[in-house]
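These notes concern the structure reproduced below.
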Number of protein chains: 4
Amino acid sequence: MSTFGALFVPAPLREAVSDAAWLAGMVDVERALVNAAARAGVVPADAAAAVAAQCDPAFYEIEQLCEEGRAAGNPAEPLVRALRGRVGGDAARWAHIGATSQDVLDTAAMLVSRGALGLIDDELDGVARACARLAEEHRATVMAARTLLQQAVPTTFGLKAAGWLVAVLDARSRIGRLTLPAELGGGAGTLAVFGEQGAEVVRLFAEELDLAEPALPWHAHRGRVAELAGALGAVASASAKIGLDVVLLAQTEIGEVSEASGGQSSTMPHKRNPVSAVLARACARGVQVQVPVLTDGEHELERAAGAWHAEWNALSEALALAGGAAAAIRDCLDGLDVHVDRMRANMTGELFAERDALVERGVLEAGVDTAYLGSVDVFIDRALTRYRETQ
Amino acid sequence: MSTFGALFVPAPLREAVSDAAWLAGMVDVERALVNAAARAGVVPADAAAAVAAQCDPAFYEIEQLCEEGRAAGNPAEPLVRALRGRVGGDAARWAHIGATSQDVLDTAAMLVSRGALGLIDDELDGVARACARLAEEHRATVMAARTLLQQAVPTTFGLKAAGWLVAVLDARSRIGRLTLPAELGGGAGTLAVFGEQGAEVVRLFAEELDLAEPALPWHAHRGRVAELAGALGAVASASAKIGLDVVLLAQTEIGEVSEASGGQSSTMPHKRNPVSAVLARACARGVQVQVPVLTDGEHELERAAGAWHAEWNALSEALALAGGAAAAIRDCLDGLDVHVDRMRANMTGELFAERDALVERGVLEAGVDTAYLGSVDVFIDRALTRYRETQ
Amino acid sequence: MSTFGALFVPAPLREAVSDAAWLAGMVDVERALVNAAARAGVVPADAAAAVAAQCDPAFYEIEQLCEEGRAAGNPAEPLVRALRGRVGGDAARWAHIGATSQDVLDTAAMLVSRGALGLIDDELDGVARACARLAEEHRATVMAARTLLQQAVPTTFGLKAAGWLVAVLDARSRIGRLTLPAELGGGAGTLAVFGEQGAEVVRLFAEELDLAEPALPWHAHRGRVAELAGALGAVASASAKIGLDVVLLAQTEIGEVSEASGGQSSTMPHKRNPVSAVLARACARGVQVQVPVLTDGEHELERAAGAWHAEWNALSEALALAGGAAAAIRDCLDGLDVHVDRMRANMTGELFAERDALVERGVLEAGVDTAYLGSVDVFIDRALTRYRETQ
Amino acid sequence: MSTFGALFVPAPLREAVSDAAWLAGMVDVERALVNAAARAGVVPADAAAAVAAQCDPAFYEIEQLCEEGRAAGNPAEPLVRALRGRVGGDAARWAHIGATSQDVLDTAAMLVSRGALGLIDDELDGVARACARLAEEHRATVMAARTLLQQAVPTTFGLKAAGWLVAVLDARSRIGRLTLPAELGGGAGTLAVFGEQGAEVVRLFAEELDLAEPALPWHAHRGRVAELAGALGAVASASAKIGLDVVLLAQTEIGEVSEASGGQSSTMPHKRNPVSAVLARACARGVQVQVPVLTDGEHELERAAGAWHAEWNALSEALALAGGAAAAIRDCLDGLDVHVDRMRANMTGELFAERDALVERGVLEAGVDTAYLGSVDVFIDRALTRYRETQ
């Protein structure tokens with residue numbers, strides 16, 4: 001996130017999607033490639049070692065590679081030239097063997113994604129823990145349910161937290177189901193250079209990087225990227241939903257929750273803004289707008305003329321901001337003050353109007369279920385059971 | 001699709017998402033609800049039968065329900081009033097028991113989706129079959145691969161079709177993995193009216209409709225809707241990618257494929273436009289723009305004040321147009337003329353420039369793999385194997 | 001709007017963007033074309049009369065044209081064939097002279113837009129009137145201003161309405177500044193058929209339809225469409241903002257406004273949902289997602305292979321739903337109950353905390369401006385003055 | 001643009017939207033505010049001078065302000081604290097008088113936008129010049145017009161360039177019509193602190209910064225931001241359209257244009273990729289996805305709880321990438337090789353099929369207008385005339 005990144009995204013996550021991380025990923029790819037090719041017998045072992053020795057991100061300047069990359073349309077092409085320059089001699093020709101720039105960048109994208117997803121998942125773990133705690137603690141904390149923002153019937157704060165919890169677990173489950181494939185197709189997805197050994201090189205290449213082996217090169221078929229984007233969208237949605245609920249419950253006139261570290265105002269000393277919830281909503285919005293870049297599908301023929309290039313920033317932004325959203329919600333919930341008395345005080349008689357009408361119409365018997373809480377406990381139990389199964 | 005729907009979407013699919021289909025779904029929901037409640041012992045059997053007898057869409061006018069629904073914000077509320085009016089007497093009070101309007105509309109949405117997804121999947125099945133046939137037939141049909149729309153290295157048309165095939169299979173797989181849950185939560189997701197029997201009523205309700213039983217009500221947690229939207233996006237992407245490739249390969253100057261029923265021009269008698277591919281791209285665009293409505297997540301508290309209402313049309317459009325895109329691509333591929341001679345004639349010497357340079361640099365030996373087709377066969381086999389496993 | 005259209009969009013507006021309206025537009029275009037060509041001396045007067053006599057939408061079936069249009073990719077091509085068939089004889093050859101299908105459809109789109117924009121503007125006029133009335137009436141109705149949904153400092157309801165008013169006037173101003181151009185370029189924007197008389201035919205053609213004369217054909221340059229989309233987005237934004245504010249102020253715990261015809265609930269007899277505000281938000285969302293289809297710009301070479309075809313439905317939806325949003329807000333505001341006492345009662349002492357702190361720090365003098373309302377009156381006057389200038 | 005920014009965006013533009021530029025803007029705002037207040041007689045002149053003396057961006061660290069700003073939800077609040085700390089003594093209390101954080105950030109956003117728009121407009125000026133040159137030089141360079149990517153009728157490359165030119169001039173015109181207003185409303189848009197002098201302070205504040213004076217504060221009414229976003233979208237669209245056309249015309253099989261500095265491939269020595277056109281398309285995509293963040297409209301009550309915070313990065317990205325798109329197209333067109341012979345050689349007989357059919361049907365006389373170029377010259381003249389009027 002370029003503007004005010006430190007406001008929205010935790011430092012480790014900013015680093016995980018930084019240009020430095022992309023560079024490290026690209027360099028790792030080059031090393032894995034030459035090592036895999038050596039293991040497959042395509043590249044001499046000593047040449048591979050000579051190349052691998054230069055696969056250290058400290059040897060390269062990503063900003064300079066980007067400047068030079070304007071002529072090639074990507075930073076991998078100048079990296080390869082620089083790498084070959086450093087290797088020198090006969091061995092240089094083996095660097096980047098059989099690969100195209102998109103192989104390097106697509107695989108680096110998966111490495112960057114893996115790193116960031118781990119951090120995002122850590123944040124979600126914290127969010128889930130907080131939700132589970134709130135669901136348990138406030139299982140019986142009665143409050144008004146609100147539909148179309150009107151008081152409707154009674155519920156408990158525990159059920160609300162249980163609903164958040166399930167959404168967070170669903171988002172984690174989507175992340176957990178992701179496949180992050182290596183990419184290796186060569187100039188146009190045929191692995192032409194490797195002849196009959198292509199499939200074996202790809203297998204070893206993926207193994208070197210601990211990425212999934214793809215059935216086919218996916219230069220112009222971005223289904224895996226789209227699924228990744230969808231999962232990040234789910235993280236954003238789950239975070240934004242919690243953030244929205246907190247903002248609404250924290251309204252002055254409702255006052256049922258407040259953030260412990262309630263945000264200062266530059267002018268109004270009394271204000272206690274639900275700042276983390278607000279930041280989470282902003283982050284989530286930033287994720288959602290990048291999703292279409294990653295799900296569009298219109299990549300021309302064997303490799304796209306623009307649609308692919310637009311993915312790099314979109315992916316970094318979506319990863320960083322999904323993590324930013326989750327982190328903000330974790331902060332929000334970890335320090336959430338729940339004002340139980342206020343919840344009870346806010347409840348109006350209208351919350352039982354449905355019940356009373358049903359009693360009058362003979363659908364319910366008078367006196368049954370005076371709290372009118374239905375299946376709240378069952379639902380909370382289900383959410384908590386599922387949570388415990390993930391731990 | 002409102003404008004020129006018959007141009008873009010096959011009639012069965014238009015019907016599957018029509019207001020009539022939504023009405024039929026809502027009516028089915030009311031019947032399933034009262035029957036489930038009767039099976040759970042909450043509603044007297046004869047009352048349930050009396051209600052169920054009025055659950056016939058022919059008894060109601062959806063346009064009128066919509067007009068009346070302006071006062072309630074949805075068409076389910078007037079439907080319930082009309083239903084109760086038709087049932088009359090004591091039994092009327094049992095109609096719609098324990099449910100809220102959103103229960104009716106969310107569950108109807110899943111029924112509408114199930115119907116439309118079946119039709120979409122039929123179209124995708126046809127697309128996959130066509131791709132598999134092309135991959136097999138043109139396994140060795142050599143042509144230029146193009147990256148950034150420049151000739152790159154040789155490939156075969158079979159590999160191109162195999163790439164399309166995998167994307168289509170991935171989209172079908174996403175559809176196949178979808179969970180379509182019933183929705184039943186009552187006024188605010190607590191199932192208050194059913195007391196301790198709530199969970200059992202939901203189970204039976206879902207069973208009546210052959211939908212999945214949700215762990216919790218999902219009025220304000222739209223993860224399942226988002227996954228559905230993501231799958232429709234994948235259908236759109238896979239279709240648009242094929243459409244784009246066909247449009248590009250059908251260019252006058254390339255002429256490697258043409259649509260059999262090549263579109264007429266109103267002015268230019270010679271033109272043979274790739275009309276189906278073009279319509280598929282337009283449909284896909286229409287799908288993609290609706291996805292954010294279905295993945296947004298910002299639904300307020302127990303039920304949303306607008307975000308939910310925006311979903312109905314978005315879902316119908318996304319379903320109809322995803323099917324329209326797939327149907328157009330099936331038409332396109334079923335009648336695709338593949339001009340093998342033109343593919344060969346278009347190949348320039350430049351396609352072997354990489355190979356020649358690598359021979360010169362000693363990375364490749366001269367004379368090895370003159371066709372320079374690498375792993376094309378392996379990749380086609382993998383795609384076809386996966387295809388056969390789905391049949 | 002396909003699903004539940006009658007719930008969201010007033011009937012006149014639905015008709016204004018219906019397939020029937022598009023057909024009427026296309027037929028008007030063919031008449032204007034042949035008349036213009038006759039006036040320019042390109043077509044014999046009697047032939048033009050013979051063609052014009054068949055330019056009646058009652059002679060054609062749009063659904064059938066769409067079905068037939070699947071082969072051409074649009075409904076204009078079969079319309080031209082049908083028109084020529086009806087004209088018959090020698091005169092038939094002059095029908096559609098010099099035009100391409102996109103000329104017909106682009107110009108029809110502008111005619112459809114003009115009709116719908118008139119209706120939208122009527123709704124906005126009503127919204128503006130309601131805002132102006134509220135601003136005047138509640139100029140001094142003190143209430144809490146809320147930032148980040150926390151009480152901040154005092155304001156008046158009149159200022160809030162004045163803010164809405166300015167946004168609505170801005171949206172009307174954007175509509176008023178729109179240029180709706182005729183389109184006539186022939187096969188590829190050169191007006192080849194008309195030779196040297198091309199520019200004159202375009203001028204007369206635009207005159208016949210009372211549309212703007214374009215400097216150049218705009219088949220693949222959609223700037224005017226994008227500006228139209230932007231204006232519709234502004235209508236949606238202004239409506240959604242008012243809807244959101246009403247939903248928030250109508251919350252049970254705030255209760256400062258309520259809709260007169262407050263929406264019924266299917267289960268909860270006490271509820272008085274802000275239904276019109278909710279529908280407006282849903283409509284606005286439906287507009288916003290179509291805007292990108294109309295602003296994208298990536299139209300290939302002389303005429304696009306899909307991007308153009310995607311515009312028809314997007315434009316209809318955006319027009320209908322922008323009008324639906326405005327109409328719902330007009331309903332909302334025309335019947336808005338403003339609960340002045342509740343506004344005052346909700347004000348907490350915190351609203352003056354800023355003032356008190358500033359007095360203490362010596363920035364403000366004690367006792368000055370106890371209402372602490374600053375420039376509220378000035379701002380309301382400015383808004384009302386601008387409103388009166390538009391009447 | 002965070003990822004590979006140097007690849008996509010010229011350095012001056014990256015600086016113009018950098019955090020440093022935002023900080024400089026915020027500091028300028030604080031200086032302008034205190035100076036305006038002093039001119040209005042609200043702040044003692046020596047206090048204003050003491051505050052203004054600390055309004056130097058070199059005194060502050062934006063990254064640190066962002067870190068600290070996590071507690072407040074924005075970086076302006078810690079900036080104000082730091083500013084007051086540096087001023088010290090009695091004068092400190094006058095810093096930031098009457099303003100809220102959003103006043104600072106909204107006004108800074110306009111300053112950042114003004115700087116970036118100047119650079120964007122410079123790039124567009126270069127693009128327009130190149131288009132005008134090409135339109136003039138290639139006024140009579142005959143080539144095939146292509147619709148749905150099929151050869152249609154003849155056109156000239158000059159007309160194509162004239163079409164680009166008009167779109168670029170339209171985009172510049174939209175930028176030129178933008179109003180960039182100062183923002184000053186205080187805690188909630190009432191200018192409470194200034195009492196009766198509020199309007200005068202705003203006037204002077206805007207004057208200090210050479211921004212427009214707004215009629216009303218616009219904290220929660222983002223119409224001006226939306227118009228800015230729309231203009232950036234128009235820049236992106238115009239650039240993407242040219243980029244798409246260049247990519248298509250540069251295809252190996254068409255070869256009618258090529259970029260002078262044709263991009264290198266990391267593997268394929270022969271390739272001459274249209275890299276600048278490709279980068280422009282990617283940049284444009286990045287602009288378009290941010291537009292909805294800036295046009296959404298759903299800002300709650302007096303100041304929004306998230307929607308506003310999402311704008312900062314969206315605006316920076318949209319500005320940077322709009323400029324990146326325009327700069328890439330300028331590079332592309334400045335060095336564009338136009339292959340006139342190839343244009344002529346690509347023309348097939350089919351281009352005259354319409355003409356021949358019309359001659360046969362008696363609509364055209366045989367032999368008239370053999371080049372069949374219609375109004376090409378007229379249209380080119382119109383575009384060039386308009387261009388000259390802007391110089």
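These figures come from a predicted structure and were not determined experimentally. Each chain gets a letter, A, B and so on, in the order its sequence line appears, and its residues count up from 1.
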Side chain, backbone, both or neither: which part of [X] has a heavy atom under 4.5 Å from chain C?
{"X": "Leu105(B)", "answer": "side chain"}
{"X": "Ala307(B)", "answer": "neither"}
{"X": "Trp312(B)", "answer": "both"}
{"X": "Val293(B)", "answer": "both"}

For this session: Please determine, by modelled atom types, if Gln290(B) and Ser316(B) share a side-chain donor-acceptor pair under 3.5 angstrom.
Result: no

For this session: Would you kindly say whether Glu317(C) and Thr3(B) are connected by a side-chain donor-acceptor distance under 3.5 Å?
Result: no

Salt bridge or not for [X] and [Y], using N-O below 4.0 Å?
{"X": "Glu300(C)", "Y": "Arg281(B)", "value": "yes"}
{"X": "Arg222(B)", "Y": "Asp106(B)", "value": "yes"}
{"X": "Glu259(C)", "Y": "Arg70(B)", "value": "no"}

Exercise. Taking every heavy-atom pair that is under 4.5 Å apart, which of Val193(C), Leu279(C), Leu244(C) has the most such pairs with chain B?
Worked result: Leu279(C)

Seminar exercise, completed: One option among Val247(C), Ile62(C), Val289(C) has the most heavy-atom pairs under 4.5 Å with chain B, and it is Val289(C)

Seminar exercise, completed: Pair count under 4.5 Å, heavy atoms only, with chain C: among Pro75(B), Gly306(B), Ser276(B), Ala305(B), highest is Ala305(B)

For this session: Ignoring hydrogens and angles, tell me if any N or O in the side chain of Glu183(C) forms a donor-acceptor pair with the backbone of His219(C) under 3.5 Å.
Result: yes

